[in-house]
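Single-structure report; data block below.
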Amino acid sequence: MVIITEKTLKKLVKEFLITIGLLSIATVIGMLLIYIGFTESNVTMVYLLCVLLISIFTNGYIWSVAGSLVSVVLMNFFLTEPRFTLHTYDTGYPLTCVIMLAASMLTGTLASKLKKHVRMSEQAAYREKTLQLRLIF
């Protein structure tokens, strides 16, 4: 049986809101870019940046993986022709989706691993400093 504390629930809600907020911002920026006349490849870069930011501002892999999956769906629904459907006219678009998904999952996972490595290095440095202080006194 899993017990969710109030602190854990607040953390989950905060990370969910960060993820939804960043994906919403990326979608609005993507719509503006398409309106101005940029290509879908430029919008793909916006979503990749979004997934990277999600992995930086949240903890764990789940949010970056969820952001990757949702970003592909959002881009397909809002920004590819025909808009507001999950269909596409371009026969190469499924490959674009797969590459975008793989790239965003990779960047998100690497950022999460980097954050974990930094945390472990900080803990090791703290332990080493504490040990040196014990030896002095």
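Keep in mind that what you see is a predicted model, and the values were worked out from it rather than measured.
- Separating the CD1 atom in I36 from the CG atom in L32 is a distance of 6.0 Å, to the nearest 0.5 Å.
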I'd like to know whether V70 forms a side chain to side chain contact (heavy atoms under 4.5 Å, CB included) with Y47, so could you lay out the CA-CA distance, the side-chain angles of the two residues, the decisive distance to 0.1 Å, and finally the verdict.
CA-CA 10 Å; V70 173; Y47 278 110; over 6 Å; no
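- Cluster membership check: I25 shares its hydrophobic cluster with I56, using side-chain heavy-atom separations under 4.5 Å among Ile, Leu, Val, Met, Phe, Trp and Tyr.
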Given side chain to side chain contact (heavy atoms under 4.5 Å, CB included), test N76 with V72 step by step and report yes or no.
CA-CA 6 Å; N76 190 1; V72 170; 5.5 Å; no
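- Using a distance-only test at 3.5 Å, with no hydrogens or angles considered, a donor-acceptor pair links the side chain of E15 to the main chain of N59.
- Atom-to-atom distance recorded for T27:OG1 and L79:CG is 6.5 Å, nearest 0.5 angstrom.
- Residue F16 qualifies as open at atom CZ: its count of foreign heavy atoms under 6.0 Å is 12 or below.
- No chain of hydrophobic side-chain contacts below 4.5 Å, direct or via other Ile, Leu, Val, Met, Phe, Trp or Tyr residues, connects V65 to I99.
- Distance alone, capped at 3.5 Å, is enough to place a donor-acceptor pair between the S68 side chain and the S64 backbone.
- Linking ILVMFWY residues whenever their side-chain heavy atoms come closer than 4.5 Å, directly or via other members, leaves Y35 and F84 in distinct clusters.
- Atom CD1 of I20 is surrounded by more than 12 heavy atoms from other residues, nucleotides or ligands within 6.0 Å.
- If you take CD1 on I29 and CD1 on I34, they are separated by 13.0 Å, rounding to the nearest 0.5 Å.
- Contact detail for M31 and F78: the closest heavy-atom pair is CE-CD2, 3.4 Å.
- T5 and T8 share a donor-acceptor pair across their side chains, judged by distance under 3.5 Å alone.
- Checking side-chain atoms of K115 against main-chain N and O of T58 turns up a donor-acceptor pair under 3.5 Å.
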From CA spacing to verdict: side chain to side chain contact (heavy atoms under 4.5 Å, CB included), V73, L69
CA-CA 7 Å; V73 173; L69 295 170; 6.0 Å; no
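- The nearest pair of heavy atoms linking E81 to E40 is N-OE2, 4.1 Å.
- The closest side-chain heavy-atom distance from F57 to L22 is below 4.5 Å.
- In terms of modelled atom types and a separation under 3.5 Å, the side chain of N42 and the main chain of T39 share a donor-acceptor contact.
- Note: S55 OG to L114 CG = 9.5 Å, rounded to the nearest 0.5 Å.
- The hydrophobic clustering, which links ILVMFWY residues whose side-chain heavy atoms are closer than 4.5 Å, places V43 and V28 apart.
- When the salt bridge (Lys or Arg N to Asp or Glu O under 4.0 Å) test is applied to E122, no partner is found at least two apart in sequence or on another chain.
- In this structure, the side chains of I18 and I54 stay at 4.5 Å or more apart for every pair of heavy atoms.
- Between V51 and S71 the shortest heavy-atom distance is CG2-OG, 4.1 Å.
- With hydrophobic clusters built from ILVMFWY side chains whose heavy atoms lie under 4.5 angstrom apart, L12 shares a cluster with L23.
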